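Below is one structure, written out as structure tokens, with a few remarks after it.
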Protein chains: 2
Amino acid sequence: MRTIATRKEVAARAGVSEATVSRVLNDVGPIKEETRQRVLQAAKHFNYAPNAIAQSFARGKSGNLGVVLPYVPGVHLFSTFYFSEMLSGIGAAAKERGYDLLLKFRSLETDNDYELLFQRQKVDACIILGARNTVEERESLVRLQAAKLPFCLIGQHYEELRCNTLDADHVQGSYLAVKYLLDQGHARIAFLNGSPAYSNSQDRLKGYLKALGERGIAFDERLYVEGNYSRTSGYQAAPYILEQQVDAVFAGNDRMAIGFMQKLRELGRGAGQDMAIVGYDNSDAAQFTEPPLTSVAVPFYEMGSLAAAKLLESIDANDEKEIFQEKLSTHLVIR
Amino acid sequence: MRTIATRKEVAARAGVSEATVSRVLNDVGPIKEETRQRVLQAAKHFNYAPNAIAQSFARGKSGNLGVVLPYVPGVHLFSTFYFSEMLSGIGAAAKERGYDLLLKFRSLETDNDYELLFQRQKVDACIILGARNTVEERESLVRLQAAKLPFCLIGQHYEELRCNTLDADHVQGSYLAVKYLLDQGHARIAFLNGSPAYSNSQDRLKGYLKALGERGIAFDERLYVEGNYSRTSGYQAAPYILEQQVDAVFAGNDRMAIGFMQKLRELGRGAGQDMAIVGYDNSDAAQFTEPPLTSVAVPFYEMGSLAAAKLLESIDANDEKEIFQEKLSTHLVIR
DNA sequence: TGAAATAATGTACGCGTGTACATTATGACA
DNA sequence: TGTCATAATGTACACGCGTACATTATTTCA
């Protein structure tokens, strides 16, 4: 393996100083055209490309956008529509601005290590996906915020903590779904929600309550079930929900809705016939079920790309950054 | 924002030289216990963590494993089961070895830029997903191989190029699927394949031919259709395939199978009733369809983790690396 | 108790780049 | 032609770390 060329060799061949090579390549300062050509030719000759690490080192910037992915036991992470779409959006926005994506899989032992990522300066900014509302996480984020490190939460927000946030309007989304069911004439609507450790679960509950409230329907806690956003939990919740004599079910995501429908079918209750079901996320899978699943569409891709865009712009512009807290709207896809 | 502490300040506070701080933190050489404690305490006081970029620079290693993702027009990349699972596996294996994952979205203009990734030394090794069999790609990979840069292809192999490769045995998988259909009594089996630019498409064709050959059935090119692995292409292929009076269809992936089934349903032909369908990938979606889709299970996650493990081990061990070319076996999931 | 071995620490420098500052070449203008 | 502005380039160093080598402290063993 022949050694990789450095600026030094290029400079020698072009008969200029290293600084000039640097200036030509970074297009800084006035350079005589003839010199520029000589340098470029020499660079080409050695197939020279600046060492990214050395550049990062000299510039004090990594050029990386960190993405923290949550640890979800037993789930192959990317498999979930949610993260997949979001990452695609983040990746596109980062690429556009010349940043690379550094993935950080958070596991249990490095749980409250958000700061470390910055201390070690491997990333210039950081997007955190799937944060939960636990004491440790909140504290870690508070420290991050106090240190004015540039980060953004997607899909999670804390009342106590004012920081960059990008989310979908789940209150609205949930409201739309339940209102739709009510409009269809359903009254006893069960809500199969996910863990309240996620603010978006709580938001969905608010939307559910809001829609019911508008119709003067009291909250019946027997109709409220908590799963964990897995298909299995939807499957398992089905028998209980059926016992409650509901005529419709609103699930916090499509996976649970699909699990619910599976159990329904096994029990010989035709899904969609005597019971209306609405899911959430409008994932690919919602189109494939039989019957297709009506679902709340969430702009995951846009959330990712917008979060990355805003975050990167805020660090590239050196002025005092304002905190952004944006909510993208959702809509119901009726099938 | 208070400035981030460096080794210098830690050394000053502990009353030792910078070298000693470095030695304590890297656990190298003999250190007096009392000194070690003083250093650790000083480090803790400043909340010191070594600058990862400076470390990379000094060590000449980035500590990153690059993952090149293909550009697929109009497709949100992570949405596909294939890449999602694989990335999860790669991520797990990399994390285990202390490497971070650097994602590289390949777009058209940087198509043949595999080398650049290494030249710039942002990654120590690289896994390439979804490579295609085009002239430029082959040439780029040949250069990479000639330069002895550590990389690994997943899901693609070239006859002309002997390099690290990890794949599933698609000849076998395809064979299993078609044999299953034959065993079920079907004779006219259409094959809805993906682009031959991917070696795995070609492998699947081999498996199809092998299974037919064993039964003495000649290849009928009217039964061979090429889509592009998208749901839409399966959908669009349906009318033609139906014209051919087939009694079974084997699709190169689940998405196409699902698209095919959709069109089938729209045409009033109950899927699974008068026509058997087998998909490929055993994706989540295969479980949700009605009826559920029999499909060839591919160990994507394991492919990713094994590829990463082998690659990283080969670069961590400094000895001459042997080329590995592994194929994991597939199996049929009957539904 | 002194020499040799070894432990413990310090000194000095390289890694490849960006860039402030110094220097020299070039042109403008009187 | 001399002066001065500006273009063009060179020199020198910092960035934070790892580590080879030098030095000093301590222990071992005769």
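Here is the naming used below: chain letters follow the sequence lines, and residue numbers restart at 1 for every chain. Just so you know, these numbers come straight off a predicted model, no measurement behind them.
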By nearest nucleotide on DNA chain D, pick out whichever of B:K8 and A:V16 is the more 5' one. A:V16

Pair listing, salt bridge (charged side-chain N to carboxylate O under 4.0 Å, His left out) test, anchored in residues 19-29 of chain B, at least two apart: B:D27-B:R36

Please, which pairs that meet salt bridge (charged side-chain N to carboxylate O under 4.0 Å, His left out) have at least one residue in residues 38-49 of chain B, sequence neighbours excluded? B:E34-B:R38

Between which nucleotides of DNA chain C, read 5' to 3', does contact with chain B run, using atoms under 4.0 Å from its heavy atoms? C:dA7 to C:dG16

With sequence neighbours left out, the residues meeting ring pair (Phe, Tyr, Trp, His ring centres under 6.0 Å) with A:Y99 are none

Nearest-nucleotide check on DNA chain C, A:P50 vs B:R36; residue mapping nearer the 5' end is B:R36

All side chain to side chain donor-acceptor pair (under 3.5 Å) counterparts of A:N133, not counting sequence neighbours: A:R138

Taking side-chain contact (heavy atoms from CB on, under 4.5 Å) as the definition, give me every residue that meets it alongside A:N164, ordered by chain and number, with sequence neighbours left out. A:C152, A:L311, A:I323, A:F324

Sequence neighbours left out, what passes salt bridge (Lys or Arg N to Asp or Glu O under 4.0 Å) with B:R97? Give chain and number order. B:E313

Let me know the distance between CD1 of A:I53 and C1' of D:dC17, rounded to the nearest Å. 13 Å

Counterpart residues, side chain to side chain donor-acceptor pair (under 3.5 Å), relative to B:S62 (two or more places apart): B:D124

Which residues share a side chain to side chain donor-acceptor pair (under 3.5 Å) with B:E9, sequence neighbours left out: none

Closest to the 5' end of DNA chain D, once B:Q55 and A:R38 are matched to their nearest nucleotides, is A:R38

Through what angle, rounded to 10 degrees, does the axis of the helix from C:dT1-D:dA30 to C:dA30-D:dT1 turn between its ends, using five pairs per end? 40°

Rounded to the nearest Å, what distance is computed from the CZ atom of residue B:R59 to the P atom of nucleotide D:dC17? 11 Å

Would you name the heavy atoms of A:L69 and A:L129 that are closest together and state the gap between them? CD2-CD1, 3.6 Å

Members of residues 18-31 of chain B that approach DNA chain C, where some heavy atom sits under 4.0 Å away: B:A19, B:T20, B:R23, B:P30, B:I31

With sequence neighbours left out, the residues meeting side-chain contact (heavy atoms from CB on, under 4.5 Å) with B:Q41 are none

Provide, to the nearest angstrom, the distance between the CD atom belonging to B:E34 and the P atom belonging to D:dT26. 11 Å

Which part of the nucleic acid does A:S56 contact within heavy-atom distance under 4.0 Å: base, sugar-phosphate only, or nothing? nothing

Looking only at the side chains, is there a donor atom on one of A:N51 and B:K122 sitting less than 3.5 Å from an acceptor on the other? no

